[in-house]
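To start, the structure itself, in structure tokens.
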Amino acid sequence: MAVEIRVPDLSSYEPLVQLRMERCPRLRRAQAEWPFVHAAELALLEVRAAYVDGALVGWGNVVRGTWFPAGIALLNVTVARSHGRRGIGSAVYGELLAALPTETEMLGGAIDDSDAASLEIAVAHGFEVTQHGIESDLDLVDLPRPEPAPGVTFEDVSSLEFADEEAVEAMLRDSQTNPEAKEGFVSTLDTYREIAAKVEREVAALARIDGAPAGIVIGEVENGAFGIAYTGVGRAFRGRNLAYSLKQYAHLLAAEAGATVCHTMNEESNVGIRRVNAQLGYQVSGGVYRIRRPR
């Protein structure tokens, strides 16, 4: 079997997206096509594809966002089930490694936690599980209106424009005590603005306490689904059930924007936000192992 590996024509990336979604049935389209839709915001995007007799049988990509910690890139390889265990994935992986810039010191990836075979392959290539992201969904029907405590107000900030931007930015940074941030993935308002420029509809909600920025929810509506990218509450404002009521408000904004379901992912050890999600009625739909290995 002669396998050709080359840079695919990305003027039409649909075959790549379809193969990844067929191989990973729980993957949403917005996730599968994310590297291509947001290519302009990425500091690095390399794609390699494998063909047998001209037919696509596998592909992979490596990306690095401008907001990533120094030295890390995320890598993903997908092979059609009919061509698994033939060395095609390893060959694509090798081509991607060769394309990495010299300053890349750490590789990351993600594997569906129900896919034991793929995890076995990743471990054989030197990867280790470092986090376990838990995915949860909520149907956006019969939504209750939040009941804010005295002094608490909510704002639709889907434009991501703020009269007191410095204060909002400071609160956003202070709120990032999640496991991903501890690994170095710290986001700013500009990060979300860059991503928002390419999504169908940005949705964001801000909570204030006595006028001060206290919490924020940021996400996007794509194909009728509200994907929450981040929920955070400033440390000085925690312990007041603010995330619960703020997410209720964000759900209403998303439903008004056409969403019928909400998706979110949180690290398994992030018990605070997972407790809030459970109280709001979210149902666990699956999970993803986040993996790492030194280059």
Side-chain angles (χ1 to χ4, degrees), residues 6-50 56 58-69 72-80 92 95-96 99-101 104 107-112 133 135 137 157-161 180 185-204 217-231 250 253-254 257-265 285-286 288 290:
R6 66 174 186 264
V7 177
D9 178 8
L10 296 184
S11 63
S12 176
Y13 53 75
E14 185 62 23
L16 305 178
V17 171
Q18 288 298 324
L19 177 55
R20 184 155 288 175
M21 293 177 68
E22 290 168 6
R23 186 64 178 81
C24 306
R26 289 200 311 106
L27 199 66
R28 303 191 305 278
R29 180 178 180 85
Q31 295 171 307
E33 67 179 1
W34 195 93
F36 309 118
V37 172
H38 296 282
E41 297 94 70
L42 296 173
L44 170 69
L45 172 62
E46 292 285 348
V47 183
R48 299 293 183 272
L56 177 70
W59 70 282
N61 63 279
V62 61
V63 302
R64 173 174 167 74
T66 55
W67 61 95
F68 283 20
I72 190 169
L74 301 183
L75 185 148
N76 191 295
V77 175
T78 302
V79 177
V92 172
E95 291 287 332
L96 291 172
L100 287 172
T104 303
L107 298 174
I111 295 175
D112 191 299
E135 295 178 311
D137 300 335
V157 293
S158 300
S159 66
L160 295 179
E161 296 178 356
E180 296 87 348
F185 287 89
V186 177
S187 299
T188 66
L189 291 175
D190 281 341
T191 300
Y192 293 116
R193 288 187 185 114
E194 290 177 5
I195 295 172
K198 294 293 182 65
V199 302
E200 181 181 319
R201 181 80 175 268
E202 186 76 1
V203 172
V217 173
I218 302 176
E220 66 277 337
V221 174
E222 295 273 6
N223 300 316
F226 178 39
I228 295 181
Y230 182 69
T231 300
L253 295 180
T260 58
V261 64
C262 179
H263 303 296
T264 189
M265 180 187 292
S285 58
V288 170
R290 292 163 176 157

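As the structure is a prediction and not an experimental result, all values here were calculated from the model.
Between His263 and Asp137, the shortest heavy-atom contact is ND1-OD1, 2.7 Å. Considering every non-hydrogen atom in both Ile228 and Val217, the closest pair reads CG2-CG1, 4.2 Å. Closest non-hydrogen pair, Leu16 versus Pro8, comes out as CD1-CG, 4.1 Å. Considering every non-hydrogen atom in both Thr104 and Ala73, the closest pair reads CG2-CB, 4.0 Å. Considering all non-hydrogen atoms of both residues, Asn61 and Arg20 come closest at OD1-NH1, 2.8 Å. The minimum heavy-atom distance between Ile195 and Glu41, with the atom names listed, is CA-OE1, 4.1 Å.
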Could you walk me through whether Val288 and Glu135 satisfy the side chain to side chain contact (heavy atoms under 4.5 Å, CB included) test, starting with their C-alpha distance in whole Å, then the side-chain angles of each, then the deciding distance to 0.1 Å, before giving a yes or no?
CA-CA 8 Å; Val288 170; Glu135 295 178 311; 4.2 Å; yes
Working note: Leu100 + Leu44, criterion side chain to side chain contact (heavy atoms under 4.5 Å, CB included); need CA distance, chi angles, decisive distance, verdict.
CA-CA 9 Å; Leu100 287 172; Leu44 170 69; 4.2 Å; yes
Do Leu74 and Asn76 pass the side chain to side chain contact (heavy atoms under 4.5 Å, CB included) test, and can you show the C-alpha distance, the side-chain angles, and the key distance before you say yes or no?
CA-CA 7 Å; Leu74 301 183; Asn76 191 295; over 6 Å; no
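Side-chain atoms of Arg64 come within 3.5 Å of backbone atoms of Pro69 as a donor-acceptor pair (strictly under, hydrogens ignored).
Annotation: side chain of Glu202 is in contact with side chain of Ile218 (closest heavy-atom distance under 4.5 Å). The shortest distance between side-chain heavy atoms of Trp34 and Leu42 falls below 4.5 Å. Here the side chains of Val37 and Tyr13 are in contact, with some heavy-atom distance below 4.5 Å. Taking the side chain as every heavy atom from C-beta outward, Val63 and His38 never approach each other to under 4.5 Å. Between Leu45 and Pro35 there is a side-chain heavy-atom pair separated by less than 4.5 Å. Using a 4.5 Å heavy-atom threshold, the side chains of Asp112 and Leu27 count as separate.
Side-chain contact of Asp190 with Thr188: a donor-acceptor pair under 3.5 Å is absent, judged by distance alone. Of the N and O atoms on the side chains of Asn223 and Arg28, not one donor lies less than 3.5 Å from an acceptor on the other residue.
Using a 4.0 Å cut-off between charged nitrogen and carboxylate oxygen, Glu180 and Arg290 count as a salt-bridge pair. Salt-bridge formation is detected for the pair Glu14/Arg29: a Lys NZ or Arg NE/NH1/NH2 atom is positioned less than 4.0 Å from an Asp or Glu carboxylate oxygen.
Here the CE atom belonging to Met21 is positioned 12.0 Å from the OG1 atom belonging to Thr78, to the nearest 0.5 angstrom. Distance check: Ser158 OG to Glu220 CD gives 11.5 Å after rounding to the nearest 0.5 Å. Going from atom CZ of Phe226 over to atom CG of Leu253 covers 7.5 Å, rounded to the nearest 0.5 Å.
When ring centroids are compared, Phe36 and Trp59 come within the 6.0 Å threshold.
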